[in-house]
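See below for the structure under consideration.
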Amino acid sequence: MVTEVAERLMSAEEFLEWESAQPFRHELIDNRIYPMPGGSSSHEIIISALVGWFYFALIDRIDHVYAGIQVMADAIGTYTYPDVTVVLGEPVFHGGAKSGLLENPTFLFEVSSPSTEKIDRTRKLDQYLQIPSLEAYFLVSQDTPLVEAYTRSGDEWTYSRCAGLDSYLRIPSLNDEIPLAFIYSKVKFEPDQNA
């Protein structure tokens with residue numbers, strides 16, 4: 001379970017200064033600090049597959065894919081490190097610093113684990129869907145071949161899901177699909193205990 005580090009609320013300015021002195025990364029969500037838990041082998045494999053797929057899909061374009069870049073979900077109190085971030089077009093960084101906070105993600109992916117799933121589905125979801133540039137937010141399960149998607153059409157968000165290794169994840173704006181068999185190709189799933 002993800003636990004809060006600070007009892008008090010912290011401003012964005014305080015957080016950025018505080019976090020720069022910490023040995024590990026933290027996220028600020030609704031002005032509360034959350035530690036970034038270490039990822040499992042499956043978690044890292046899935047991130048690598050997504051980054052690899054987007055890297056090659058975007059290789060001849062100006063678009064960018066990042067693993068673990070800090071995103072400014074709102075300027076007041078939410079700075080996160082999504083597992084995978086895609087920017088269609090040129091990235092815009094807060095204050096113009098290329099190593100700073102990314103302001104214009106197009107797609108965000110969170111690979112959910114038991115310790116992060118609740119916050120990925122609640123606070124992060126609420127904040128991410130407010131980002132003007134965001135076209136889709138994907139929740140990727142690390143325990144089973146399942147990707148849930150929130151996609152924007154105008155001012156409306158639509159929820160969908162694809163499950164199973166024979167399914168394909170549709171990527172808006174790219175007119176492309178990622179096979180779940182590719183995303184999960186090197187993941188070793190636990191045997192079904194009900195079998």
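Since the model is a prediction, treat every value here as computed from it, not as a measurement.
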- request: Would you please test His64 and Leu58 for side-chain contact (heavy atoms from CB on, under 4.5 Å) and show each step?
  value: CA-CA 7 Å; His64 294 76; Leu58 305 175; over 6 Å; no
message: Run Tyr66 and Tyr81 through ring pair (Phe, Tyr, Trp, His ring centres under 6.0 Å) and show every step you take.
response: CA-CA 10 Å; Tyr66 303 97; Tyr81 291 93; over 10 Å; no
field: Working for side-chain contact (heavy atoms from CB on, under 4.5 Å), residues Val86 and Phe138
entry: CA-CA 11 Å; Val86 177; Phe138 301 97; over 6 Å; no
- request: Tell me, with the steps shown, if Val92 and Leu102 meet side-chain contact (heavy atoms from CB on, under 4.5 Å).
  value: CA-CA 6 Å; Val92 175; Leu102 181 69; 5.8 Å; no
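The line from CG of Leu108 to CG of Asp83 is 10.0 Å long, rounded to the nearest 0.5 Å. Between atom CD of residue Glu44 and atom NZ of residue Lys186 there is a gap of 15.0 Å, rounded to the nearest 0.5 Å. Taking CD of Glu14 as the reference point, atom CG of Asn31 lies at 9.0 Å (rounded to 0.5 Å). With rounding to the nearest 0.5 Å, the separation of CD1 in Ile178 from CD1 in Ile183 is 5.0 Å. To the nearest 0.5 Å, atoms OG (Ser42) and OH (Tyr184) are separated by 9.5 Å. One finds the CD1 atom of Ile131 at 8.5 Å from the CG atom of Asp74 (value rounded to the nearest 0.5 Å).
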For residues 154-164, please give each side-chain donor-acceptor pair under 3.5 Å, one per line with the distance, not counting sequence neighbours.
{"residue": "Trp157", "atom": "NE1", "partner": "Leu129", "partner atom": "O", "Å": "3.4"}
{"residue": "Tyr159", "atom": "OH", "partner": "Glu148", "partner atom": "OE1", "Å": "2.4"}

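Side-chain contact, Thr116 with Ser113: a donor N or O sits under 3.5 Å from an acceptor N or O. At a cut-off of 3.5 Å, with distance as the only test, no side-chain donor of His43 or Gln142 sits close to an acceptor on the other residue.
No more than 12 heavy atoms of other residues, nucleotides or ligands shown are found within 6.0 angstrom of CD on Glu17.
Note: the hydrophobic cluster containing Phe56 also contains Ile45 (ILVMFWY, side chain heavy atoms under 4.5 Å, direct or indirect links). Transitive grouping of hydrophobic side chains (ILVMFWY, heavy atoms separated by less than 4.5 Å) keeps Leu146 and Trp53 in distinct clusters.
For the pair Phe107/Leu174, a side-chain contact is recorded, criterion being any heavy-atom separation below 4.5 Å from C-beta on. Side chains of Arg121 and Asp126 form no contact here, defined as non-hydrogen atoms less than 4.5 Å apart.
Pairs engaging residues 104-116 under the salt bridge (Lys or Arg N to Asp or Glu O under 4.0 Å) rule: Glu110-Lys124 [sequence neighbours left out].
Ring orientation note: the planes of Tyr150 and Tyr137 are close to parallel, at an angle under 30° on the 30°/60° scale. Using a 30° and 60° split on the angle between ring planes, Trp18 and Phe15 fall in the tilted class, from 30° to 60°.
Checked against salt bridge (Lys or Arg N to Asp or Glu O under 4.0 Å), Arg170 has no partners two or more places apart in sequence or in another chain.
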